[in-house]
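Reminder, nothing fancy here: chain letters follow the sequence lines and each chain counts from 1.
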Amino acid sequence: MRFLARRLGFYLLTAWAAITLNFLIPRLMPGDPVELLVARMKGNVDPAAIDAMRRAFGISDASLWQQYLDYLGNLAHGELGRSITFFPAEVSTVIADSLPWTVGLVGVATLISYLIGTALGVIMAWKRGTWLDGVLPAATFMHAVPYFWVALALVFVFGVTLQWFPVSRAYGLDVMPGLTGEFAQSVLYHAALPAITIVVASMADRILGMRNVMVTTLGEDYVVMAEAKGLTSRRVMWAYAARNAILPNITSFALSLGFVVGGSVLTEIVFSYPGIGSMLLKGVENEDFPLMQGIFLVISLAVLVANFLADLAYVVLDPRTRQESE
Amino acid sequence: MKIKLGAGILVFFALMAVFGPLLIGADPAATSEDGLQGPSAQHWLGTTQTGQDILVQIVYGARVSLGVGVLSALIATVLAVAVGLVGGYVGGAVDEALSVLTNIFLVLPALPLIIVLAGYLPQRGVASVAVVIAVTGWAWGARVLRAQTLSVRRRDFVQAARASGEGPLRIVFYEILPVLLPVIATSFLATVVAAILAEAGLSFLGLADLSTVSWGSMLYFAQNGQALLIGAWWWFIPPGLCIALIGTGLALVNFGIDEIANPRLRTIKAPRKARA
Amino acid sequence: MNVLEIRDLGVDYLSGTGAVHAVSGVSLDLRRGEILGLAGESGSGKSTLANAVARLLRPPASITSGSVVYHRQDGSAVDVLALGKNELRAFRWKELAVVFQSAMNSLNPVITVGAQIDDVLRIHAPRMSRAERTERSVELLQRVGISADRRRSYPHELSGGMRQRAAIAIALALNPEIIIMDEPTTALDVVVQRDILAEIKALREEYGFAVVFITHDLSLLMEISDRIAIMYAGRVVETGTAKALHRAPRHPYTLGLLRSFPRLHGPREELLGIPGTPPDLRSPPPGCAFHPRCAMAVAECSERLPVLTAAGDGEVACLLNDGRGVS
Amino acid sequence: AKPQADAPPLVIHAVDAGTFQEDFNPYHLEGVNFGTSGMIHETLMYFNKLKPGEITPWLALDHKWSDKGKSVTFTLRQNVKWSDGQPFTADDVAFTFQMLKKYPQLNRNALEIEDAEALAPDKVRVDFANTSYAKLFNIAGNSPIVPKHVWEKEKDPSTFTNPKPVGTGPYTLSKFSAQLYELVKNPSYWQPGKPEVPVLRFPAYTANALQTALQQGEVDWAGAFVPDIQKIYVQGKPEQNKFFFPPEGVVTLLPNLTDPVLAKPEVRAAMSLAIDRDKIVRVAERGYTKVAHPTGVPMPGGEAYIPPEYRALSYKVDVEKAKELLKGVDPAQLKFTLLVPSPFTDWVNAAQLIREDLAKIGITVETRGVAFQDWVSKVGKGNYDLSIRATASGPTPYFQMRSMLFGGLAEPVGEAATGNYERWKDAETDKLIDAYAATEDEAEQQKATQGLGKIMVEKMPTLPLFYSPSWAQYRTNKYVGWPSEQDPYAMPSPYTSPDAAVVLLHLKPAGK
Amino acid sequence: MNILEGRELTKHFTAARGPRGRFGRRPPVRAVDGVSIALRAGAVTALVGESGCGKSTVARLLAQVYPATSGEVLLRGEPVRAHRGAAFREYRRQVQLIFQDPFASLNPFHRVRYHLARPLRLHGHARSDAEEREQVAELLERVSLTPVEQFMDKMPHELSGGQRQRVAIARALAVRPVALIADEPVSMLDVSIRLGVLRLLEGLARDSGLALLYITHDIASARYFAEDITVMYAGRLIESGPSEELTQSPRHPYTRLLLDSAPDPDRVAAPGGRRHGEPPSLIDPPGGCRFHPRCPVALPVCSTEVPGRTELGEGHWTHCWQAETALTR
Ligand SMILES: Nc1ncnc2c1ncn2[C@@H]1O[C@H](COP(=O)(O)OP(=O)(O)OP(=O)(O)O)[C@@H](O)[C@H]1O
Ligand SMILES: Nc1ncnc2c1ncn2[C@@H]1O[C@H](COP(=O)(O)OP(=O)(O)OP(=O)(O)O)[C@@H](O)[C@H]1O
Ligand SMILES: [Mg+2]
Ligand SMILES: [Mg+2]
């Protein structure tokens, strides 16, 4: 699997780039979290304590290179440092607490959006010239709608006005987390609106992307041939056209994951969802370098892994890659 | 058809951004004591909590939102063209390096990166926000342009130009670049959409300059002012709608260009059976 | 004796700048078991005609006139253009199969060759068991000279010639009455092309299907076809047996074509070629569409549209010599 | 009184949080869960900021200064028990202060502790490097005492998260999850019969989620900025859904005095005359607070700290007079940038109003909203013309004055200051500040503060705008006895400690 | 006089795509192996072979589009060494290439005039606008695109295939080369217009003394337009000779097969139904004579030894063990 090895190499390189970028950005930019903390506490901290806190937060004066080596060393041990916002909690703990929510929400929502979007795209391309073309303008519109605006609108309609769904947090206040049906139900109920937001906002891209590739694919000789063979429309549509049209879409889907993750950060914030997006914003607001770095790293790595999985899927789905490269 | 509709929307907003403020004249930040009024003859789109006129804000906001969008798309497109064309044309190690760079930026999730970068920005003016967005948004274009350059470079007319003795710069700018114009145009428009959305997202998070009125900052204030709870729909609907409309306009123009390049994509009416 | 009768068929491609009359007023018969060659310059409407017969035209193409009547072995006849969805499915492939120009593009790249044959059998012969179907696929592949173990190969794993053979094997799957071959060998080099032509001829002998063979290459057609139809600007301008056309072409266009092919043997005849370029089908010249390029054109040619009339054992659409064309 | 078995839990929102961290170390800065100090860990004394000078003995019954204010001895309350049953003694107090000396990062009050020694089971002495009269609040009112027998086992108290806190306070931790924690009554609390609220619940709400919760009546006691309090919270029931926003410090318009134009007193005076503070309070602050007294001293409550001749003073807009004052100034120089942290939307709006007002007297102001951290760093380093900033507050107005005016805090431009951001340098001011710190006598201290107030009024080193409100919303359907304007026995906001604990000890079930 | 000559040209590509070997290293594509070919002034030489046999590679090697793996190119007997700079540009000026696809070889964004004027300017043939105009007109006239005024300002998409190919030829001529390499110049054109283009090329060689290499897979057209034909198979030359002689009495079995396979309406009997198999892979070409797996008359030696050149007289030669043995016997 030479192809995969190459891709893996690339992802490792990218991961390294992300890690290094992550290290560099905060160090190249001005700002001091302790000062900020003091300002936020409006004088509840005496300025004289600042130096001591600075040390406690691990803000160091060592050379950049030394810091980089330390940073890599710590990373290798899975240590992301201590969060400043949640001091003395470890960044890894903060992330471990919030990541499952994001993965669950974004994962499920993306899957749904992918499945529905792809299917709709296929069907719309197949039934060109019918009323289904009417979905196109709607999809074009949805393609350009900000995630958080969709979220706001859903909150307004279903949360505030109709009160059908809860509009914040990940599960009910009175439910204790655990492997209970009650907890699961509460989680699903609370995830409904955020998930719908992500599905609605990200589906349009899938529809449009799939439709375009599918339309092009429909013009391919092998689709015409399949039709000429007298196969059922279903078979021509899925096994011949869609099956091939999905291939170029896999890569673009994987790449669009980054956008979905970005959008879900905003969505989480609107819904006060205790995921990684809310944490990221908190980190940014508090100039919490370690937390921001940790989260950005985790998001990047997650997107990288997703991309690698997409490559795997590509290899599985496209017999040509099993032999050739690129 | 699509292009016309899309261009119509764009022209409308562009005119609004350029001439709207001159026509309206009022200060978008000016507060008044009639806060939170619904749409009325006096305030067509109602007012914010501090009595700012929403229509005036929308008109001024168009400037910022479109400005950031266009500015960062310009920067991103220049970057994309440079990286894509150089990589695609020069090839070899330079190309390898550039395409790894491109792919890295492509895979790294943009919005979190923008948020992180914006978090560190010392100045959050329109220009710096645009730069941050551009820095994270050029990779798509570069990738597409590189692929196109690679294929154009192999085309016979480029080979022919080289064989007749043209220099590399001339080949890039006179032979390859014109062919890539439609691609550059689509990538530019797509970047404008992405940049407008990114700016809105940043403002919404309070990470852009909130004393300039943009659609994103309007949404930020609406959210902070609990427009949802108060039922002040006129406060948060219009800015979001404008963003979406501009995005739709750009996307329509883009699809139009795509359809010209790839006629198969056109929506068609199933022809009636016109058989004798 | 005709298996297919095309009458007055017209096909337009609708576009913003006016309709392209890709096929107009074509009438053509296909006899049972014959190889009918269809020749003509690029853009003369050969593929459009074939696709119209197979009902494979997609928008923006639309059939504007005419009928295509298919005669079954039992003597009953159907109008192909009026078939409903299900009848059409059965007609395609059971009665009429198609082999396209580029086999790489006409085979689904993500499905094995065997599965693509299997597909056809499963739909059209639902009563066959899986084992029978496998057996049949192997038999078909072997019949066109592909070894049985290639059944599990993906198209990209086969060479160009093998792909084209595989496409022919798929066409043979249901023993159709008619196979339309649209430039099946253009992408191949001559040696492989020669092998495939031999294959087609042999299979025709064995199964007795009729072939519509489309190509640019008139000399190739002369060799393998029984009868040839020449198209120009969307119209059939001449039909006749291969021999007659070779010996005594009646249409000046056919003559020009013949005189454009350098010969391999014999004396080095002078090659004439045809001056000018084919017309724009959006607004074809009045009268005979060929007259602007015709060395023998008379004044009438630009005024009156010649119709296909019997001449010798074929037909020709030419005003010269009272509609008998060049003699 | 019998414990109220059926008394309902009180749902409290103190700080915005998406989720909670399991941290009950009272010396941690941000991650620590609210209620740790005051409800679990108590201080030696309680200082009521709403009545400057009102001090209530708590774990300590009294204090005595010696060695010119470098040493203080506390007499401790007897019969106080830790929630695990161990007795509370002077050793615990000594341990606490020694810990602060040893771990400076915990010592957020920057007490210059030299030593802490238990003299007897109920007597403890703490020694300081310098005169510390003025720091009594920090020592006794803001340093929660932790149990030696538990904490001495911890290797590093600075990262210790104290997950099972043992305190002397009225409540103990009963439940913790990332979304909610619960405190229940400490049955062996030293104030018999108290508290009467048996259970406290702290759900995690982000700022946004809280608004919905307030609207839907999920929360009994909150301290939040609510954009439209009548619509969202009061909902037409003012007798039940109450709020009380007493002043806590003052928000001023900071002029950068290193700017030669702004250094001119007449320019500052003119600005002050032009700004319509009433409108700012009405529009930008939605009427939630009051226009500041020209001395900046919070009122009511701070009367004793205001020079008698100025007690009745208030701001009046006088554009004409302002223009008059500016006659001698080149109008071309009257161009400033007003820097505001853009997340503080009310300040952004206030800045806008100030811009409009100053335009009327020919001063051009460009308002620029910047990121919070940017604002912090710019204002800290003196890289600004005008800005808006709240001052730190303390148990008496002196703390606020010191932070606003003390020359020792005025760093040169380019270096981060921690107070006196306008960079006011005045010998008289510094003398008054020193005088306050050098005495234990309340009357002397008040006199010194009045002197500072006079400087504020007459020299306008910075221009008070309005008080920073302390947010508090409480519902009286379950419990009554909340602090109010009539009875300001403690800061009403649930995020102020240890005041919140004091409030809880005052609450009684409603309808009794 | 040989204007342009390739000696023992060999080109191995490391393929960017295609199957990899067991250890992941991509084996080279042996596209061209030891090809020697010479072009004479005023004469047309044809290079014939099936698709993928390396014809275009030879053309590109001669035009120095890329360097040869081994072997050398001689211009007027002088080995060409420069690959950049002024000397190389000078080489470019002497040897020009015409591409197969006239639809791809003209930039769709430039007018005919631009296409012709650029080389004129670049090589200093035209120094003023007037000169340029005059020479462009002259070139158009030479390729029979008249009236020139009308064609000068056309965009490529306004031209038919044959007209485009003429523009491409005119562009090559603008440089004033001594040798012209035409890589399948007519195979994308309709039969009816091929002749015109070929005649034009033929005329150029005859009248202007250009050395012309005509690459084609249509051996019949080679017979008509070239003096000499060289046949290539799987990267190697296998037979060469005067066109009439080669087509009428071919000596190599592959040449014979090629001639037999070419469509010919005059043929009396169709060739036999024997299958000839697929062309060989250039990555792992057969040992010995590369044609031996498909050869009807292969000898045992054919699979082990590469046949040497057998001179058959009058410039006719072949690489074939049969011919070799026939001659020695
Ligand atoms: N989708 C289409 N839209 C518009 N015009 C079309 C379309 N497809 C084909 N045509 C036009 O119809 C005419 C006939 O096309 P057709 O493909 O049938 O020709 P052909 O004889 O098969 O040519 P070739 O030998 O190049 O395959 C041409 O003029 C072509 O330009
Ligand atoms: N740049 C390249 N990299 C790798 N392989 C190449 C390259 N160019 C050509 N080849 C390979 O070299 C062989 C000869 O190619 P070439 O283009 O010279 O053949 P040709 O005879 O011109 O074929 P055609 O008749 O199809 O034009 C082919 O197998 C081709 O795949
Ligand atoms: Mg065709
Ligand atoms: Mg070639």
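- Annotation for E206(C): atom CD counts as buried by contact number, over 12 foreign heavy atoms lying within 6.0 Å.
- Side-chain contact between E239(E) and L246(E) is present, with heavy atoms from C-beta onward closer than 4.5 Å.
- There is no side-chain donor-acceptor pair under 3.5 Å between T216(E) and D218(E).
- For the set E41(C), K243(C), Q193(C), the entry with the most heavy-atom pairs within less than 4.5 Å of chain E is E41(C).
- Heavy-atom neighbours of R199(E) CZ from other residues, nucleotides or ligands within 6.0 Å: above the threshold of 12.
- With a threshold of 4.5 angstrom between heavy atoms, T277(C) approaches chain E through side-chain atoms but not through N, CA, C or O.
- With chain C as the partner, the residue from A262(E), G52(E), G49(E) showing the most heavy-atom pairs under 4.5 Å is A262(E).
- For the set M222(C), H246(C), H216(C), the count of heavy-atom pairs under 4.5 angstrom toward chain E peaks at H246(C).
- Most heavy-atom pairs under 4.5 Å with chain C, from the set E50(E), R294(E), R223(E): that is R223(E).
- Neither the backbone nor the side chain of Q163(E) comes within less than 4.5 Å of any heavy atom in chain C.
- Contacts from residues 248-259 of chain E to chain C, taken as heavy-atom pairs separated by less than 4.5 Å, involve Q248(E), Y254(E), L257(E), L258(E), L259(E) in sequence order.
- Using a cutoff of 4.0 Å between basic side-chain nitrogens and carboxylate oxygens, R227(C) and D313(C) are not scored as salt-bridged.
- Residues L172(C) and L203(C) are in side-chain contact: their nearest non-hydrogen atoms beyond the backbone lie under 4.5 Å apart.
- Salt-bridge formation is detected for the pair R194(C)/E223(C): a Lys NZ or Arg NE/NH1/NH2 atom is positioned less than 4.0 Å from an Asp or Glu carboxylate oxygen.
- Using a 4.0 Å cut-off between charged side-chain N and carboxylate O, D33(E) and R290(E) make a salt bridge.
- Residue R293(C) touches chain E through its side chain alone, counting heavy-atom pairs closer than 4.5 Å.
- Y233(E) places none of its side-chain heavy atoms less than 4.5 Å from the side chain of V231(E).
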